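Take a look at the structure below.
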Amino acid sequence: MTQDGLRLLVCVNPVGSNKPSCGGDRASEALAARLEQGIADRNLAVTVERIHCLNRCLRGPAMRIAPGGKFYLEYGEADIPRILDELAVEAGTAEDHPEEFDFGGSAPGS
Ligand code: FES
């Protein structure tokens with residue numbers, strides 16, 4: 001359903017080597033789960049991918065829209081509704097990305 005939609009790369013790295021980490025002291029795994037629930041509730045064409053490091057460790061929790069989209073840094077639970085609003089504008093819903101198109105028999109010879 002979301003193969004044509006956006007990917008949200010959420011850093012859940014639990015281990016920071018001598019620095020903070022998104023999934024360690026900043027609990028981004030819970031935020032990723034909250035984002036997935038919000039995306040499902042709104043039926044957005046976005047897939048959450050948990051990754052380990054976006055090289056923004058000092059400003060985590062960090063995530064990024066892919067391919068090549070904006071970063072979200074130092075976000076928290078209170079920011080998630082606004083982030084979901086932005087994702088809805090960027091990606092649309094699953095209905096905007098149907099897996100097949102039915103043209104109702106308008107092809108020549110049909
Ligand atoms: S640990 Fe999340 S950006 Fe590096």
Side-chain angles (χ1 to χ4, degrees):
M1 130 180 119
T2 59
Q3 288 124 353
D4 296 330
L6 294 180
R7 294 180 299 138
L8 187 61
L9 308 178
V10 181
C11 177
V12 295
N13 183 7
V15 179
S17 51
N18 298 323
K19 57 187 174 186
S21 67
C22 298
D25 53 346
R26 294 174 174 156
S28 63
E29 178 59 48
L31 295 170
R34 173 67 183 87
L35 284 161
E36 280 180 323
Q37 185 61 57
I39 288 167
D41 290 347
R42 296 185 188 206
N43 198 26
L44 302 182
V46 179
T47 303
V48 171
E49 289 185 27
R50 289 163 171 77
I51 64 166
H52 284 179
C53 208
L54 284 163
N55 200 26
R56 299 292 191 278
C57 316
L58 296 178
R59 299 205 48 212
M63 62 183 177
R64 186 178 194 187
I65 292 175
K70 72 186 282 187
F71 282 91
Y72 293 91
L73 304 171
E74 301 179 45
Y75 67 96
E77 175 78 26
D79 301 311
I80 288 179
R82 180 181 58 82
I83 292 168
L84 292 170
D85 289 346
E86 288 186 15
L87 292 174
V89 172
E90 284 279 325
T93 66
E95 287 81 17
D96 298 327
H97 301 273
E99 293 179 17
E100 55 187 52
F101 295 90
D102 183 350
F103 292 103
S106 63
S110 63

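The structure presented is a predicted model; accordingly, all values stated were derived computationally and were not measured. Every heavy atom of this structure was used, including side-chain atoms; hydrogens, water molecules and symmetry mates were not. Read the numbers this way: they start at 1 and go in the same order the structure lists the ligands and their atoms.
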| field | Pairs flagged by salt bridge (Lys or Arg N to Asp or Glu O under 4.0 Å) wherever residues 56-65 is involved - sequence neighbours left out | value | Arg59-Glu74
| query | Is it true that Asp85 and Arg42 make a salt bridge, defined as a side-chain N closer than 4.0 Å to a carboxylate O? | reply | yes
| message | When you group the ILVMFWY residues by side-chain heavy-atom contacts below 4.5 Å and let the links chain together, are Ile80 and Leu6 in the same group? | response | yes
| query | Would a 4.5 Å heavy-atom cut-off, applied to side chains only, mark Thr47 and Leu8 as touching? | reply | no
| query | With clusters built from Ile, Leu, Val, Met, Phe, Trp and Tyr whose side-chain heavy atoms come within less than 4.5 Å, directly or transitively, what are the remaining members of the cluster of Val89, listed by chain and number? | reply | none
| Nearby protein N/O/S atoms (those under 2.8 Å) for atom 4 (Fe) of ligand 1, with water ignored | Cys53 SG, Cys57 SG
| message | Going by the rule salt bridge (Lys or Arg N to Asp or Glu O under 4.0 Å), which residues pair with Glu86 if we only count those two or more places apart in sequence or in a different chain? | response | Lys70, Arg82
